[in-house]
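Protein chains get the first letters and strands the later ones, always in sequence-line order, with residue 1 at the start of each. These numbers come from the heavy atoms of this one structure, side chains and all, not from hydrogens, waters or symmetry mates.
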Amino acid sequence: MGIENYIDPMTYTQSYHDTSMKTLLNGVQLPANQTAIKDLNDGLDNIFFHDNVGPFICKNLIQQLVTSNPSPDYVARVAGAFADNGSGVRGDLWAVTQAIVLDDEARGDVKTDPDYGHLREPALYICNLCRAFDVKSYDLTTTSDGYLNPQSVPMAQDVFRPASVFSYFSPFHIISFRADGTPVLGPEFDIMSASTSIKRANFINTMTKPNSGAGADGIGVSNNSPNGTKLDFTSLVNITGDAAALVDALDAIMMHSTMAGNYPDMRTSIINAVNATAASNPLRRVKVAVYLVGSSSQYQVQR
Amino acid sequence: MDLSRRRFLQWAGCGFGGATLTAVIEQMSLATALAAQPSGYQALVCIFLAGGNDGNNTLIPYDNYDQYYGPVRSPSGLAIAKSSLLQITPSDSQLGTFGLHPSLPELRDFYVQKKLAILCNVGPLVQPLTKDLYYGGAPKPYQLFSHADQVAQWQSARAGTRSSTGWGGRIADVFPPHSSGFPMVTSINGTPLFVIGANRRPLSIAPAPTTLNNVLVLNGFGTSGPEVARRTSFDYLRTVDNSITMFNAASAATQQGVDLGKLLNMDPTLNTVFPNTTIGNQLKQVAKVIAANLTFPGLGLDRQIFFVSLGGFDTHQTQVGNQAKLLTDTSAAMAAFYNATVELQVSQSVVTFTLSDFGRAFQPSGNGAGTVGSDHAWGNHHFILGDAVQGGDFYGIPMDPAYGGNGTVYPTLLKGGPYDTDNGSGGKGRWIPTVAVDQYAATLAAWFGVSSSDLYTVFPNLGNFNPATLGFMG
């Protein structure tokens, strides 16, 4: 026992290996008395070349990267890139990733479908916010130490330590049913609950602290966190005189400018809240706006 | 609700803040505040042993130890020593004496006190199976021996088809919602399939030591004008753009958190001491939610269902030490929880029961006491605890001698035997269940108050099994 080793590859112990003959997928047989590593490699090859692997992996990747409910045609197009990257190579993940993010369904009109999109899982929710505001150390002089796992644990994501080998949430998690009875999937909603949704808002509060003094926001220095973490709002402070300009800037940074066109009520509401904060406190105006966008469902769901 | 209790709470609520009320309840002992419970209160508490608890090392034949158990499990070091077993006796004299795993002393005591029943060889089934039917192509559960699928089947009580709902959630669906909006189903461990119904949103909260008045608190809002404006916008944003399916789902979760946070604005105090373990802290939170429901203004549900879960039971390796620790934690936490229900005067009304992914193969995997484990299997043995339980006995469906069965509810531990999915001496010892999850669950649901006609709605496949319910709830 001792400290778990997350760095080195797993090893095998030949003496524990089952050396009998094995029957694998598609009836492929491995002869008896192969070494553990030979059986392992043959087994992985057997799985890798099975017809179901491409669609299975590709659907999961699409769900992670783009939308929880991809069409079968979208999955088929990406699975085609998995089967052959154009040069006869199977399993080229660069080609797969390109096929996922450059597909019409990732970039085209289907984005207006009410079932489109996916909830940002806690790790991505935290990282997206940090990247949007040029995350730095608590004193803003150097880099953050990245000590953020205590923020995601209350949102039911203990990063690198899921409770089971099936990770944090099920790709089959259903959030509602369409009129025709077919389910709408929302894998990340498996860990979205009354409790964790409140923790998400509380994380945004930790990083912004609109109701506290200027230096209260962020994650302070501690034994585990030599640098701490703070968002850098400097570039936004000088545009807060115009609440609409501030909200539109956040729309661009956080929601790739979908708010103004698609969610005008949201925009108006946040502008009103910003205007209720004195213009003489520009940093607080930024924090009010970031809190409201960051805690909104419209931001937490990526569309 | 009893008038004196209502008056007590009104008086306390007028004169004191929430923290003071808690202190008052503590001083007067919770019993005073519990002067009357909602009439006919009942609760089900599901303990999920995640990973697949090895039932073959949880409930072991004592009299037949040397004939079947020892020869298979001793050489590899996987056996539990006969001398360490906690002996118990079922009413069926054919079974003889059995032994519980030595890490379960509290459960042995409950068994002796007839508060603990043991359900033998239960698992997902589409229809009753014999080995001939199993090999003859009869319908059987999809993806046997696979964690994710078997967990889904245990939690949905649907072995023949994938289900979007769990049986805890479906039981709740047949009861009217409480006026407070507080859900009948509370999970202290995420939102597993078990708690999901077709209509209602279960509550999922953090375990102890998070206090109940902290599980659903929004941080950072003040009372100044700008703060009120920010809060107004925060609340408003959840009400717009809900034609987008996922906005609606996310906003509904947050709205539920905000609404229920107003109800959970105090933290009940229990005198019962819980072990500071994963499962202990989850069951402590269940006890506190029960206490809150019985004493907080605005609550008072007459039915509640809870879900807790302990992981680590997937003991392919190093099973001996790991399972002992997990069972120790489970038994101690179940005892503390039972004691809390006594303190809360609901021990007659609360039933705790275990589920798990599957049983584990009788054939050990690996060799050596420090490394040996066991692999995925099927039928398993489970515990049901509470004053309302007809405890002190084994339940199940006897293995039919016409198909080679031994005539008792406990399978003969014989690799390749008539209830092993495998043939020959190389069989792994994966028991074909004789009791369906549907029957186990329906027995609990019937006790909970689900009508005999609704049982077949909640458990659509129940008609394939006879009897529909078993005897462990009387």
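In this structure, chain B has no heavy atom under 4.5 Å from any part of A/I271. Heavy atoms closer than 4.5 Å to chain A are found in both the backbone and the side chain of B/L216. The parts of A/L292 that come within reach of chain B are both its backbone and its side chain, each placing non-hydrogen atoms under 4.5 angstrom from that chain. Contacts of A/D115 with chain B are made by both backbone and side-chain atoms, with heavy-atom separations under 4.5 Å. Looking at A/Q300, there are no atoms closer than 4.5 Å to chain B (heavy atoms on both sides), in backbone or side chain. Contacts between A/N262 and chain B at a heavy-atom distance below 4.5 Å involve the backbone alone (N, CA, C, O). There is no contact between A/R200 and chain B, counting heavy-atom distances below 4.5 Å. Heavy atoms closer than 4.5 Å to chain A are found in both the backbone and the side chain of B/A148. For A/Y263, the parts sitting under 4.5 Å from any heavy atom of chain B are the backbone and the side chain alike. The parts of A/T277 that come within reach of chain B are both its backbone and its side chain, each placing non-hydrogen atoms under 4.5 angstrom from that chain. Heavy atoms closer than 4.5 Å to chain B are found in the side chain of A/N69, but not in its backbone. For chain A, the nearby part of B/T371 is the side chain; its heavy atoms alone come within less than 4.5 Å. Interface remark: A/H173 contributes side-chain atoms only to the contact with chain B (heavy atom separation under 4.5 Å). In this structure, chain B has no heavy atom under 4.5 Å from any part of A/F169. Residue A/P210 touches chain B through both its backbone and its side chain, counting heavy-atom pairs closer than 4.5 Å. Contacts between B/I196 and chain A at a heavy-atom distance below 4.5 Å involve the side chain alone, from C-beta outward. Contact annotation for A/V301: both backbone and side-chain heavy atoms come within less than 4.5 Å of a heavy atom of chain B. With a threshold of 4.5 angstrom between heavy atoms, A/I270 approaches chain B through its backbone and through its side chain.
Contact count against chain A (heavy-atom pairs under 4.5 Å) is highest for B/L237 among B/L193, B/L237, B/T191. With chain B as partner, the option from A/A278, A/A273, A/P183 having the largest number of non-hydrogen pairs under 4.5 angstrom is A/A273. Per-residue heavy-atom pair counts under 4.5 Å with chain A were compared for B/A50, B/A252, B/S164, B/G311, and the maximum is reached by B/S164. With respect to chain A, the highest number of heavy-atom pairs below 4.5 Å among B/D314, B/I205, B/L218 belongs to B/L218.
The backbone N or O of A/N149 sits less than 3.5 Å from a side-chain atom of A/S152, completing a donor-acceptor pair. Using modelled atom types, no side-chain atom of B/N219 and backbone atom of A/N202 make a donor-acceptor pair closer than 3.5 Å. In this structure a side-chain-to-backbone donor-acceptor pair under 3.5 Å is present from B/W154 to B/D357. Between the A/K22 side chain and the A/S20 main chain, a donor and an acceptor come within less than 3.5 Å of each other. The main-chain N or O of A/R285 is never found under 3.5 Å from a side-chain atom of A/T240 such that the two would form a donor-acceptor pair. Judged by distance alone, the side chain of A/S296 and the main-chain N or O of A/Y299 form a donor-acceptor pair under 3.5 Å. Although no hydrogens or angles enter the test, the distance criterion places no donor-acceptor pair under 3.5 Å between the side chain of B/R162 and the main chain of B/D149. Side chain of A/S197 to main chain of A/M192: no donor-acceptor pair is present (N/O by atom type, distance under 3.5 Å, no hydrogens or angles). The backbone N or O of B/T210 lies less than 3.5 Å from no partner atom in the side chain of B/N214, so there is not a single donor-acceptor pair.
Minimum heavy-atom separation, B/F194 to B/F306: CE2-O, 4.2 Å. Heavy atoms only, all atoms of each residue included: A/Y12 and A/A36 are closest at CD1-CB, 3.5 Å.
With respect to B/R360 and B/D375, no salt bridge is recorded, no charged nitrogen being found less than 4.0 Å from a carboxylate O.
Interface with chain A: from residues 238-248 of chain B, residues B/V240, B/D241, B/S243, B/I244, B/T245, B/M246, B/F247 qualify, criterion being any non-hydrogen pair under 4.5 Å. Residues of residues 224-236 of chain B placed with any heavy atom under 4.5 Å of a heavy atom in chain A are listed by number as B/S224, B/P226, B/E227, B/A229, B/R230, B/S233, B/F234, B/Y236.
Aromatic ring centroids of A/Y291 and B/F221 lie under 6.0 Å apart.
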Run the salt bridge (Lys or Arg N to Asp or Glu O under 4.0 Å) check on A/D251 and A/R267 step by step: do they pass? CA-CA 9 Å; A/D251 186 13; A/R267 179 174 178 269; over 6 Å; no
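Within a 6.0 Å radius of NZ in A/K230, more than 12 heavy atoms belonging to other residues, nucleotides or ligands are found. Within 6.0 Å of the CZ atom in A/R178, the count of heavy atoms belonging to other residues, nucleotides or ligands exceeds 12. By the 6.0 Å contact criterion, CZ on A/F177 is enclosed, its count of non-hydrogen atoms from other residues, nucleotides or ligands being greater than 12.
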